[in-house]
Each structure stands twice: as structure tokens, then as C-alpha cells.
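Structure first, commentary second.
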Amino acid sequence: MADMRAFQDEIRHRAAAGPGGPLGPMNDLAERLGVRTAVLLEGPSDVAAVEALAARRGRDLAAEGVCVVPMGGAMSIARYAGLLGPPGLGLRLVGLCDEGERPFFDRGLERAGAPLRDVFVCVSDLEDELIRALGTARVEEIIGIEGDDRAWQTFVRQPAQHGRPRHRQLRRFLGTKKGRKIRYGHLLVEALDGEQAPAPLDDLFASL
């Protein structure tokens with residue numbers, strides 16, 4: 001039976017193959033699953049956060065016809081927008097990106113003829129948004145609970161970190177080890193109070 005993971009795999013394989021290939025298998029899967037919207041995200045840590053918030057809010061995005069798509073970086077937006085948007089499958093495109101990557105999203109969506117209004121922008125990145133939403137003390141508490149306190153204390157003692165604001169230290173720490181941003185993307189969302197969520201993430205969900 002077709003499922004959303006199979007559709008995501010097909011998207012990834014088709015995107016890697018480059019332009020001009022057949023859309024038949026991917027289109028068939030989209031129709032069988034009732035996919036209507038693709039959420040374009042830069043990477044797996046963003047996916048972890050989006051999926052965690054969906055679970056917290058009791059939303060089954062796949063059942064709603066929403067496919068979450070990690071692109072492997074903002075510079076891939078034109079390829080994915082062309083594949084999934086008006087020139088390809090004709091899905092509605094929604095995006096979440098860092099402020100510095102907004103120009104890539106704007107150009108890619110404009111080239112695909114997709115609306116720019118459905119791109120939600122994080123001031124620095126999603127990790128920074130989550131740290132500010134929770135507060136640095138709460139994030140440090142989570143780091144301790146997860147058994148990363150020794151690594152964190154070693155990190156903040158590095159000369160390069162002296163004098164840096166705590167939230168910037170935390171944001172940098174989350175990116176210093178492979179897989180850490182993905183793990184904490186999920187954990188930080190789970191730690192949010194009630195319906196609390198950073199504005200870009202909250203606005204993205206409101207648009208779905």
C-alpha cells in the first residue's frame with residue numbers, strides 16, 4: 001500500500017535525477033495519497049521540529065494530504081518547486097526558511113510560478129527561534145537531561161565562545177555534532193508549553 005514515505009522517496013530520487021524525467025510514478029502516488037500540499041524545508045532538523053509539533057497538536061499531516069519535504073539545503077528550492085509546484089505536480093507549496101536563505105526561496109518559487117506569501121521566515125534559523133521561545137535556562141536544562149551537559153560545559157569554555165550571548169552559544173552548540181540538531185529539533189518542540197510555538201512555525205501550521 002502506498003504511503004507518504006514512499007512518496008517522499010520518489011520525490012528525492014526524482015529531484016536527484018535532474019529535470020526532464022517522467023513524473024508518472026510520482027504523480028500516481030500523489031493521487032493515491034490525496035497529496036495537496038508540499039512543505040519545503042531546508043533539512044532534517046526542520047523536519048524533526050515540524051513533525052514533533054504536528055504530533056503535539058494531534059495533526060496527521062499525511063492524512064491531511066500534506067507532504068513534508070527536506071530538500072538538503074535552500075539552494076535546491078528551484079528544483080523542488082519546479083517538480084512539485086505548477087510546472088510539475090501542481091501541488092500547493094509552503095516553505096519554512098532561514099532569513100539568510102529567503103532570496104533562494106523567492107527566486108525558486110517565482111520561477112515555478114508559486115505564491116511567495118506562503119514562505120515563513122525564521123530570524124536566524126529554527127533552532128534560534130526555539131531557543132528564544134523556551135529561554136536559555138530551559139534549553140540548558142534539556143541539554144542536562146539528555147546527558148550532554150559535559151559536552152556543553154566543554155564547549156562554552158572554548159576561547160571562541162567567551163563573551164558571546166548565551167543564546168548564540170546554544171545555537172552554535174546544537175550544530176557542532178552530526179545529528180544533534182535533528183535530535184534537539186524534536187526535543188525543543190516537545191518542551192514548548194501548550195500551544196506555544198515560535199511565530200514562523202505557528203504561522204506555517206496555521207496555513208496548512
Side-chain angles (χ1 to χ4, degrees), residues 1-55 57 59-122 125-126 129 181-182 185-186 189 197-208:
M1 179 173 150
D3 61 24
M4 195 62 78
R5 293 297 182 191
F7 182 56
Q8 290 168 325
D9 288 343
E10 188 64 33
I11 292 171
R12 185 173 62 254
H13 294 151
R14 183 61 190 79
L23 298 179
M26 191 169 61
N27 188 61
D28 290 345
L29 274 172
E31 290 184 356
R32 289 164 65 187
L33 292 165
V35 180
R36 58 178 178 79
T37 300
V39 180
L40 302 180
L41 303 174
E42 293 185 46
S45 62
D46 299 322
V47 173
V50 167
E51 290 182 343
L53 188 58
R57 294 186 172 182
R59 295 187 61 174
D60 185 341
L61 296 182
E64 296 175 25
V66 177
C67 181
V68 178
V69 182
M71 300 183 297
M75 288 185 287
S76 298
I77 180 67
R79 186 189 321 158
Y80 280 87
L83 185 63
L84 300 172
L89 297 188
L91 304 178
R92 176 180 174 237
L93 302 181
V94 175
L96 181 72
C97 69
D98 304 344
E99 187 175 46
E101 311 297 352
R102 179 65 189 261
F104 293 111
F105 270 69
D106 285 350
R107 287 194 295 270
L109 292 174
E110 187 172 16
R111 186 184 304 174
L116 304 182
R117 65 178 179 272
D118 293 329
V119 176
F120 303 98
V121 183
C122 301
D125 55 24
L126 185 52
E129 296 279 357
K181 283 179 71 173
I182 300 172
H186 183 90
V189 167
L201 198 55
D202 197 43
D203 291 344
L204 182 147
F205 269 79
S207 77
L208 298 177

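All values below come from the heavy atoms of this structure, side chains included, with hydrogens, waters and symmetry mates left out.
- Shown here are the salt bridge (Lys or Arg N to Asp or Glu O under 4.0 Å) partners of R36, two or more places apart in sequence or in another chain: there are none.
- With sequence neighbours left out, R102 forms a side chain to side chain donor-acceptor pair (under 3.5 Å) with D106.
- Taking the salt bridge (Lys or Arg N to Asp or Glu O under 4.0 Å) definition, one finds that E99 meets it with nothing, sequence neighbours left out.
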Side chains of residues 198-208: which donor-acceptor partners sit under 3.5 Å, not counting sequence neighbours?
| unit_1 | atom_1 | unit_2 | atom_2 | d |
| --- | --- | --- | --- | --- |
| D202 | OD1 | R57 | NH1 | 3.0 |
| D202 | OD1 | R57 | NH2 | 2.7 |
| S207 | OG | L204 | O | 2.6 |

Validation: residues 74-91 side-chain donor-acceptor distances under 3.5 Å, sequence neighbours left out:
| unit_1 | atom_1 | unit_2 | atom_2 | d |
| --- | --- | --- | --- | --- |
| S76 | OG | M71 | O | 3.4 |

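- No more than 12 heavy atoms of other residues, nucleotides or ligands lie within 6.0 Å of CD in E110, so this atom counts as exposed by the packing criterion.
- Closest heavy-atom contact between A114 and L93: CB-CD1, 3.9 Å.
- When all heavy atoms are compared, the tightest approach of C97 to F105 is CB-CE1, 3.4 Å.
- Between D98 and V121 the shortest side-chain heavy-atom distance does not fall below 4.5 Å.
- Nearest heavy-atom pair across V66 and M4 is O-CE, 3.7 Å.
- Between V68 and the options L41, T37, D46, a side chain to side chain contact (heavy atoms under 4.5 Å, CB included) holds for only L41.
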Worked verdict on V94 versus V119 for side chain to side chain contact (heavy atoms under 4.5 Å, CB included):
CA-CA 6 Å; V94 175; V119 176; over 6 Å; no
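- Identified under the side chain to side chain donor-acceptor pair (under 3.5 Å) test for residues 7-17, with sequence neighbours left out: R5-Q8, D9-R12.
- Considering only heavy atoms from C-beta on, H186 stays 4.5 Å or farther from E51 through its side chain.
- Atom CZ in R32 sits 12.0 Å away from atom CG in N27 (nearest 0.5 Å).
- The two residues V35 and C67 make their nearest non-hydrogen contact at CG1-CB, 4.2 Å.
- If you take CG on L96 and CD on E42, they are separated by 8.0 Å, rounding to the nearest 0.5 Å.
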